[in-house]
Amino acid sequence: MRNHSKKIIIAIDGKASTGKTTLAKRLAKHYSYAHIDTGAMYRAVTFYALKHYRKANHQIDMPRLIENIHNIHIEFKIDSFKQRCLLNGIDVDDQIRSIDVSDFVSLVSTYSPVRTYLVSLQQKIGQKKAIVMEGRDIGTVVFPKAECKIYLTANPEIRAKRRYRELIQLGHQTDFNVVLKNVIKRDYIDQSRKHSPLTKASDAIQIDVSDLNAEQVYLKSKKIVDQKL
Ligand code: DC
């Protein structure tokens, strides 16, 4: 761990399961910065919606969710060096990674009131800088002036393998083809949505992680960050 006096915002964006969280955690630890996983925030809202506003026809009552969005309080706490997501004071970090939440999260995150609510929370959290924030729109919408922007990409099969391993480790029962379909579907929804679609910021540096291990991605990224410090 090193202490750097210059405090910047490191924005990490990219497709689902490209290793954004692994990279963000390592960079945050190295620079003694805070780490915020904004995907966890969209997942927490989705988890809340499924719990309170799930309709019989496998849909979410979005107007009711939006009406009550201000009742959703999201925070992060550090537990044994791990960041955990709290929803209205309760640790939901494991539940928000379920296939059920993954199935609905891209759809929930297409709604502009959901995005406005979470983006303003993310901007508040990051205002003091010294932060690594990961997501889909950090370099384009949340912090368009971030000093350092990294964009991760990789082919869908490699990303589905990563997600499948993670789910099995978390104890979720699933099938590889279901995970692959979910990754492809989420890419489509993330990239084609009307409000802040997933796209590389013009000043972001892209890393294709398909043939790189986590260490190689970290070392490449650290070089990019060091140049900005
Ligand atoms: O990073 P993740 O796979 O946990 O993100 C879950 C979903 O949240 C993803 O499908 C798109 C959405 N998301 C978003 O729209 N904007 C962000 N900044 C982060 C995530």
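Because the structure is predicted, anything quoted here is derived from the model rather than measured. When a ligand or atom number is given, it counts from 1 through the structure's own listing order.
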>> Ring centroids only, cut at 6.0 angstrom: are F104 and H58 within range, meaning strictly under it?
In response: yes
> At what distance is the nearest protein heavy atom to atom 12 (C) of ligand 1, and which residue and atom is it?
Replying inline: S109 OG, 3.5 Å
> Which residue, Q83, E134, R26, forms the side-chain hydrogen bond (donor to acceptor under 3.5 Å, both in side chains) with T21?
Replying inline: E134
> Short list, please: which atoms of ligand 1 are under 4.0 Å from a heavy atom of D190?
Replying inline: 9 (C), 10 (O), 11 (C)
> If you measure from atom 4 (O) of ligand 1 to every heavy atom of R159, R43, R136, which option wins on shortest distance?
Replying inline: R43
> Do S210 and R159 meet the criterion of a side-chain donor-acceptor pair at a distance under 3.5 Å?
Replying inline: no
> Charged N to carboxylate O below 4.0 Å: is that the case for K161 and E157?
Replying inline: no
>> Give the atom numbers and elements of ligand 1 that come within less than 4.0 Å of a heavy atom of R115.
In response: 14 (C), 15 (O), 16 (N)
> Any side-chain donor paired with an acceptor under 3.5 Å for Y48 and N68?
Replying inline: no
> Of the backbone atoms (N, CA, C, O) and the side-chain heavy atoms from C-beta on, which set of R163 has a member under 4.0 Å from an atom of ligand 1: side chain, backbone, both, or neither?
Replying inline: side chain
> So is R97 polar-close to ligand 1, meaning N/O to N/O under 3.5 Å?
Replying inline: no
>> Distance under 4.0 Å to a non-hydrogen atom of T38: what atoms of ligand 1 satisfy this?
In response: 17 (C), 18 (N), 19 (C)
> Which is closest to atom 20 (C) of ligand 1 in terms of heavy atoms, G135, S102, G39?
Replying inline: G39
>> Using a 4.0 Å cutoff against the non-hydrogen atoms of D137, which atoms of ligand 1 qualify?
In response: 16 (N), 17 (C), 18 (N)
>> Looking only at distances, can you tell me whether any N or O atom of E134, backbone or side chain, sits closer than 3.5 Å to an N or O atom of ligand 1?
In response: no
> Are I12 and Y31 connected in the hydrophobic side-chain network, where two residues link if heavy atoms are under 4.5 Å apart?
Replying inline: yes
> Is there a nitrogen or oxygen of R193 sitting under 3.5 Å from a nitrogen or oxygen of ligand 1?
Replying inline: yes
> Do D100 and R54 meet the salt-bridge criterion of a basic N to acidic O distance under 4.0 Å?
Replying inline: yes
> Which atoms of ligand 1 have any heavy atom of R186 under 4.0 Å away?
Replying inline: 2 (P), 3 (O), 5 (O), 6 (C), 9 (C), 10 (O)
>> Can a donor-acceptor pair be found, under 3.5 Å and without considering hydrogens, that links the side chain of D13 to the backbone of K200?
In response: no
> Could you go step by step and tell me if Y42 and I74 meet the side chain to side chain contact (heavy atoms under 4.5 Å, CB included) rule?
Replying inline: CA-CA 10 Å; Y42 287 91; I74 299 168; over 6 Å; no
>> Please list the nearest protein heavy atom to atom 10 (O) of ligand 1 with its residue and the distance rounded to 0.1 Å.
In response: S106 OG, 2.8 Å
>> Evaluate Y42 for polar contact with ligand 1, using N/O atom pairs at a separation under 3.5 Å.
In response: no
